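Report on the structure given below.
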Amino acid sequence: MDTPLSTIAVVGLGTMGTGIAEVLALAGREVIGIDISEAAARQAVTSLEASTARAVGRGRITEQERAEALARFRTSDALAAAADAELVIEVVPESYELKQQVFRELDAIVPPTAILATGTNALSVTRLAAESQRPERVLGLHFFNPAPAMKLVEVVSSVLTAPPAVEAVTRLARELGKEPVAVGDRPGFVADGLLFGYLNQAAAMYEANYASREDIDAAMKLGCGLPMGPLALLDLIGIDTARTVLEAMYSASHDRLHAPAPILGQLSEAGLTGRKAGRGFYTYEAPGSQTVVPDALTPSPETAAGDGRTVASVGVAGSGTMASGIAEVFAKAGYTVVLAARSQEKADLAKGRIAKSLERSVAKGRLTAEARDETLGRITAAGSLDAFAEVDLAVEAVAEDLEIKQQLFAALDKVCRPGAVLATTTSSLPVVAIARATARPEDVIGMHFFNPAPAMKLVEVVRTVLTADDVHATVRAVCAKIRKHPVDCGDRAGFIVNALLFPYLNNAIKMVEEHYASLDDIDAAMKLGGGYPMGPFELLDVVGLDVSLAIEKVLHKEFRDPGLAPAPLLEHLVAAGCLGRKTGRGFREYARR
């Protein structure tokens, strides 16, 4: 099978097939586009002409290169046109019957040395290969949409696939300018295997009325740096497509996290399949449009600021990175800030950290020297919580330990004036358990900032069943003043971001435990195929494996789902003291500074 793969047939000329054909033609391959629909074939030619014209206009290719690429692309409505192909890539709809029929017919058409590749992202490559007369030449070649832009290609081997076939398509992917990752045959492979579980949980979270669609999407974009929120992404992918992928994943894993959320079935059955239908989780201007228009679920304008309490001064309890970052945020926004720690020395060190942060902003031209001095002048470092006597809002940012936080709030209850709002920055503990350490639980709310607080725009606003309405309104108004985006969520483990993020990270670890894919391939797949700013193992090492394990234990304890049980590999690394970058070793090793 040592072939240059210079003549390639693409069966199925929808969006994906047309995109793959464009990539191949621009890379110098002779491409035969095959579709039973003459209209689809004509549209493929039109799309290729338009996209290559845009590429010329942007200076990416020359007019001659465009003409040569178009000349290398021809279409047909018969599989017989693939007779001379050295590689056939099928991207017909996700149906075993349809794909198996294509493979059976190709067996009688293509040469014995030709490689047959399926573009499926949900079906078993092994099952498809078993229908072929030469299963050793069948494999998966999973491009991502849009194929011309997305760098990732998953090369999927079954137990029947011959290594030379894998080597040939891997070499081809590199020659196309793509990043191939080698994966085994299981539904979703790597990128979709991790992505769709996360999307499914987001749909279930919305279905449970835990948070609005807008807040779920904003939380994941702002809290994780993702290009799209999960519900908007489901609308883009197609809710029916997502349901099909999840059904295939669940049939293989029997993991409840993969069992499609009922709302996906309800929307699919109603024909509300996302952008292509003009309505899914959101409503769009027209079918196929990306423009979201208001509907009955669109949030009403913000509650008037007058509905909340007045906040002019803020107390921040703690001396770590989060506490100093939060104090900096409030001071920059014009609030008078008291930064209190367990000793004056610790408080002074925390204020010193803020001074260095502001100095860096001045050096980068983001802040004037005058603004730096004014900001620092608004911050008072104190060695005792007694300094919070007159603050309007007290925010704690101490260790993530329920007993420590309860003791702190009991102290705040005695020190802070009546009517002061008391906020916890916990990321995983029950806010109501902290609130009940006070005699005024109605004044207590969660304000979960993200690290680094000065840079991250998200704040999860967590109200308990006891939180007063005006306290909630106050915190929403404060978030607007400090230029943060508040999202509302209930008092449940993980809130929005961690409840969706950490099961995804845990599933990535399980992939490595099962020797399904390597750390590097999984990280590459999620960055290149999912648009994630960091791969899961890069992120785990940055967050800290001990912190990650603690959050996963809380989620498992709260939801009692076996699929949320922390991966044993994570527990073993933590037990060995391999906690990530902070110790020099986690999933990877790091140079000591």
Side-chain angles (χ1 to χ4, degrees), residues 208-211 215 219 303 307-311 313-318 320 322-323 326-327 330 338 340 342 385-450 453 458-479 482 484 486-499 550-551 553-555 557-559:
N209 292 318
Y210 176 68
D215 280 353
T303 304
D307 291 343
R309 304 177 187 179
T310 300
V311 175
S313 59
V314 178
V316 179
M322 182 60 83
I326 294 170
F330 279 108
V338 178
R342 286 177 293 177
L385 290 177
D386 291 340
F388 283 9
E390 297 301 323
V391 301
D392 303 309
L393 167 65
V395 182
E396 70 79 14
V398 299
E400 191 73 349
D401 180 287
L402 183 58
E403 187 176 348
I404 291 173
K405 289 184 186 291
Q406 287 174 328
Q407 290 173 357
L408 180 77
F409 271 76
L412 290 175
D413 190 28
K414 296 174 182 176
V415 169
C416 294
R417 65 171 183 78
V421 175
L422 310 181
T424 171
T425 62
T426 181
S427 63
S428 60
L429 301 175
V431 177
V432 72
I434 297 169
R436 293 203 65 193
T438 75
R440 40 173 158 174
E442 68 279 2
D443 290 341
V444 179
I445 194 167
M447 282 185 79
H448 180 211
F449 287 80
F450 287 73
L458 181 68
V459 174
E460 289 178 320
V461 178
V462 188
R463 64 183 304 174
T464 75
V465 292
L466 303 174
T467 304
D469 289 342
D470 65 339
V471 168
H472 176 247
T474 300
V475 168
R476 296 273 307 186
V478 166
C479 286
I482 61 176
K484 301 297 182 186
V487 297
D488 286 326
C489 50
D491 187 17
R492 195 175 83 177
F495 310 135
I496 296 175
V497 173
N498 287 346
I551 292 172
K553 284 182 175 178
V554 168
L555 291 173
K557 181 179 179 182
E558 173 104 348
F559 297 107

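Note that the structure is a prediction, hence the values are computed from the model and not measured.
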Contacts table for residues 412-419: side-chain donor-acceptor under 3.5 angstrom, sequence neighbours left out:
residue: D413; atom: OD1; partner: R440; partner atom: NE; Å: 2.9
residue: D413; atom: OD2; partner: A439; partner atom: N; Å: 2.8
residue: R417; atom: NH2; partner: D392; partner atom: OD1; Å: 2.6

Would you check, one step at a time, whether the test side-chain contact (heavy atoms from CB on, under 4.5 Å) holds for K405 with V398? CA-CA 7 Å; K405 289 184 186 291; V398 299; 4.1 Å; yes

Would you say the side chain of L422 lies within less than 4.5 Å of the side chain of F388, judging by non-hydrogen atoms? no

Taking side chain to side chain contact (heavy atoms under 4.5 Å, CB included) as the definition, give me every residue that meets it alongside D469, ordered by chain and number, with sequence neighbours left out. R463

Who passes side chain to side chain contact (heavy atoms under 4.5 Å, CB included) against A397, sequence neighbours left out? M322, A323, I326, T425

State the [atom1]-[atom2] distance between [X] and [Y], to the nearest 0.5 angstrom.
X: I404; Y: L408; atom1: CD1; atom2: CG; result: 9.5 Å
X: Y210; Y: D215; atom1: OH; atom2: CG; result: 10.5 Å
X: L429; Y: I551; atom1: CG; atom2: CD1; result: 9.5 Å
X: Q406; Y: I434; atom1: CD; atom2: CD1; result: 7.0 Å
X: F495; Y: T426; atom1: CZ; atom2: OG1; result: 5.0 Å
X: S428; Y: K557; atom1: OG; atom2: NZ; result: 11.0 Å

Atom of L555, atom of A499 and distance for their closest heavy-atom approach: CD2-CA, 4.0 Å

Residues two or more places apart in sequence or in another chain: which of them pass side-chain hydrogen bond (donor to acceptor under 3.5 Å, both in side chains) with [X]?
X: S427; result: E400
X: T424; result: E396
X: E460; result: H448
X: D386; result: S384

Pair listing, salt bridge (Lys or Arg N to Asp or Glu O under 4.0 Å) test, anchored in [range], at least two apart:
range: residues 486-495; result: R476-D488
range: residues 423-436; result: none
range: residues 420-435; result: none

Restricting to ring-ring contact (aromatic ring centres under 6.0 Å, His included), what partner residues turn up for F449, sequence neighbours left out? none

Run the salt bridge (Lys or Arg N to Asp or Glu O under 4.0 Å) test against D401 and tell me which residues pass, sequence neighbours left out. none

Yes or no on side-chain contact (heavy atoms from CB on, under 4.5 Å) for V444 and T464, after CA distance, side-chain angles and deciding distance? CA-CA 8 Å; V444 179; T464 75; 6.0 Å; no

If we check side chain to side chain contact (heavy atoms under 4.5 Å, CB included) with C479, which of these qualifies: V487, V461, L458? V461

